[in-house]
Amino acid sequence: MERLVFLFSLMALAVLHCMNTTPEFQEPVVILQIGIAVLVVVWFFYFLITRRNPPKDTLFYVFAEFSFTCVIDLVSAMEHDGFISGFMEFYQKTGEPYLGTAYAIMMCYWDGIVHFIMYLMMIQRLWNSKSYRTLGLFWAGSLFANMSVFVTGIVVGKFGSDIRPAFWLNMPFLMLPIWGAIKLFNQPKNGPTLGGYRAHYDQSFNLIWRPTDLLLVLLLLGAMAFTLFRGLVALDSPLEACTIYLRQYEPYLKDPVGYPKVMMLHFLFYMLPMLGAFIYGLVVPGCTWMPDWTVFVAGGVAQCQWAHIGASLHPRTVTPFRIPDEAFLAVLAANLLYAVIPSLIAMRCTSNTNFFLTVTKLPGMEGMPWVPDADTLVEKKHN
């Protein structure tokens, strides 16, 4: 099935070429009407071909539909960067002109490549009755963060006074990831939810005796400080440190397109509390929500940081807002580390879930000397 979805998605090239060569299809209202019609036709196509053997999960239609639009996003990014031509000139003028910004170009590359691959992988697993829950949560976090920053940035940035009808085509891509995330969170988890002796043993160690978790907590504290600081910079804090950082390190935060400021505020008001919650989950055992939420947040941060880093380096960002040469390595390293930390947390939480399981008191557990005295044993070993 994933091969069929891949091949049918390439039909987007024909649709774009037809619209680009037909002046009647290039009016703003007509673009919106054609866009809605294409979404309906694509859905109806997959509904017909699966009518005799319907998918067990209705998210299949979302993945198949969005695979089609991934090709459009990839074409948009490549045409704006000059790699191809003849497909999207009309859309740049009368459709969504903000797609020509550096941030939107990097966003479209992520959607056209990373999301497209994820859709095909999830369709393949879904169609073969395999679990795709973890990958699905990463996708939901990625696409929701993508669209929430993108849509908000359009409204509050310099393009807010020139919103065309095609803007409303973004709404399904903002709302459906929310529905998909709720659906995935409510699905049964891949692994066990209750722990036995092994989980009780792992949870008996304090943080000081878990060096990996201790390092992750320290990284999370650093990420929280960085999040708070950049949020203050985006809010035009008069603190000298904020002024220096904005002028000498990341002037892109004040780019008038609006996307970087919106992203920093998203991080400040939503990401910062989640990072604090992750620290709590690494310290206090039995936080069963940790594996799912760390994957969801990792997807969002990975997408946002990709677009943010790429846009701050892209030629379409005017020189005064790009990373200064003398601070290039420091800023790039900080942003890359910030992007990686949530993924490291997610890998930790999904690779060994014992610490995050609900532990039931099994008969005889209290009598096992190695269970309640784990810290004591470690102290004796080190002494």
Side-chain angles (χ1 to χ4, degrees), residues 12 66-67 69-85 87-88 91-92 95-119 138-139 141-159 166-167 169-170 173-174 177 230 234 249-267 271 297-324 328 331-340 342-343:
F66 286 4
S67 295
T69 61
C70 282
V71 175
I72 297 176
D73 280 348
L74 183 58
V75 170
S76 174
M78 294 180 68
E79 186 149 330
H80 278 104
D81 275 345
F83 295 116
I84 58 176
S85 62
F87 293 95
M88 296 285 286
Y91 207 76
Q92 298 172 16
E96 296 185 86
Y98 36 79
L99 287 178
T101 62
Y103 180 90
I105 290 172
M106 299 308 298
M107 179 197 75
C108 287
Y109 276 125
W110 181 274
D111 190 54
I113 298 174
V114 179
H115 284 163
F116 194 26
I117 293 173
M118 284 196 284
Y119 291 138
F138 189 91
W139 158 78
S142 174
L143 186 57
F144 176 69
N146 179 341
M147 296 308 301
S148 61
V149 173
F150 180 60
V151 171
T152 309
I154 295 170
V155 176
V156 304
K158 70 177 185 179
F159 293 96
F167 167 81
L169 291 173
N170 293 298
F173 303 91
L174 177 63
R230 290 205 297 181
Y249 291 91
E250 280 200 88
Y252 179 64
L253 295 179
K254 300 304 293 182
D255 191 314
V257 295
Y259 301 120
K261 182 174 183 177
V262 169
M263 184 188 299
M264 293 307 113
L265 294 181
H266 273 59
F267 284 168
M271 176 74 169
V297 171
V301 175
Q303 191 284 326
C304 286
Q305 284 296 105
W306 159 267
H308 179 74
I309 296 171
S312 63
L313 302 174
H314 198 277
R316 284 193 176 238
T317 298
V318 295
T319 303
F321 295 110
R322 292 186 213 163
I323 301 175
F328 178 82
V331 174
L332 184 62
N335 276 279
L336 288 175
L337 180 60
Y338 189 81
V340 168
S343 295

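Just so you know, residue 1 is the first one in the sequence shown, and it goes up from there. Remember, it's a predicted structure, so these values are computed and weren't measured experimentally.
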Does the side chain of [Y] come within less than 4.5 Å of [X]'s, by heavy atoms?
X      : Y      : answer
Met264 : His308 : yes
Phe321 : Pro256 : yes
Met88  : His80  : no
Phe116 : Val71  : yes
His266 : Thr152 : yes
Asn170 : Phe167 : yes
Phe173 : Thr69  : yes
Ser148 : Leu174 : yes

Over all atoms of both residues, closest heavy-atom pair of Gly300 and Ala145: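 Closest heavy-atom pair between Gly300 and Ala145: CA-CB, 3.6 Å.
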Looking only at heavy atoms, which two atoms of Ser343 and Ala339 are closest? And how far apart?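 Minimum heavy-atom contact is OG-O, 4.1 Å.
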Using 0.5 Å steps for rounding, measure from the [atom1] atom of [X] to the [atom2] atom of [Y].
X      : Y      : atom1 : atom2 : result
Cys304 : Ile309 : SG    : CD1   : 11.0 Å
Met147 : Asp111 : CE    : CG    : 8.5 Å
Asp73  : Met107 : CG    : CE    : 6.0 Å
Ser85  : Met78  : OG    : CE    : 11.0 Å
Ile323 : Leu313 : CD1   : CG    : 4.5 Å
Met118 : Phe66  : CE    : CZ    : 12.5 Å

Any chance the rings of Tyr338 and Phe267 have centres within less than 6.0 Å?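 Close enough - the centres of the two rings lie under 6.0 Å apart.
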Anything under 3.5 Å between a donor and an acceptor, one on a side chain of residues 98-105, the other on a protein residue two or more places apart or in another chain? List them.
| from | atom 1 | to | atom 2 | distance (Å) |
| --- | --- | --- | --- | --- |
| Tyr98 | OH | Glu96 | OE1 | 2.7 |
| Thr101 | OG1 | Tyr98 | O | 2.8 |
| Thr101 | OG1 | Ala104 | N | 3.3 |

Can you list every side chain to side chain donor-acceptor pair (under 3.5 Å) pair that touches residues 253-264, not counting sequence neighbours?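 For residues 253-264: Asp236-Lys254.
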Verify the distance criterion only: is there a donor paired with an acceptor across the side chains of Tyr109 and Trp306 at less than 3.5 Å?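 On atom types as modelled, these side chains do not qualify, holding no pair under 3.5 Å.
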Taking atom types as modelled, find out whether Trp139 and His115 have a side-chain donor-acceptor pair closer than 3.5 angstrom.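 His115 and Trp139 do not have a side-chain donor-acceptor pair below 3.5 Å.
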Does the pair Cys70 and Tyr119 meet the rule for a side chain to side chain contact (heavy atoms under 4.5 Å, CB included), with working shown? CA-CA 10 Å; Cys70 282; Tyr119 291 138; 3.4 Å; yes
Using atom types as modelled and distance alone, determine if a side-chain donor or acceptor of [X] lies under 3.5 Å from a backbone N or O of [Y].
X      : Y      : result
Asn335 : Val331 : yes
Glu79  : Phe87  : yes
Arg316 : Ala311 : no
Arg322 : Tyr252 : no

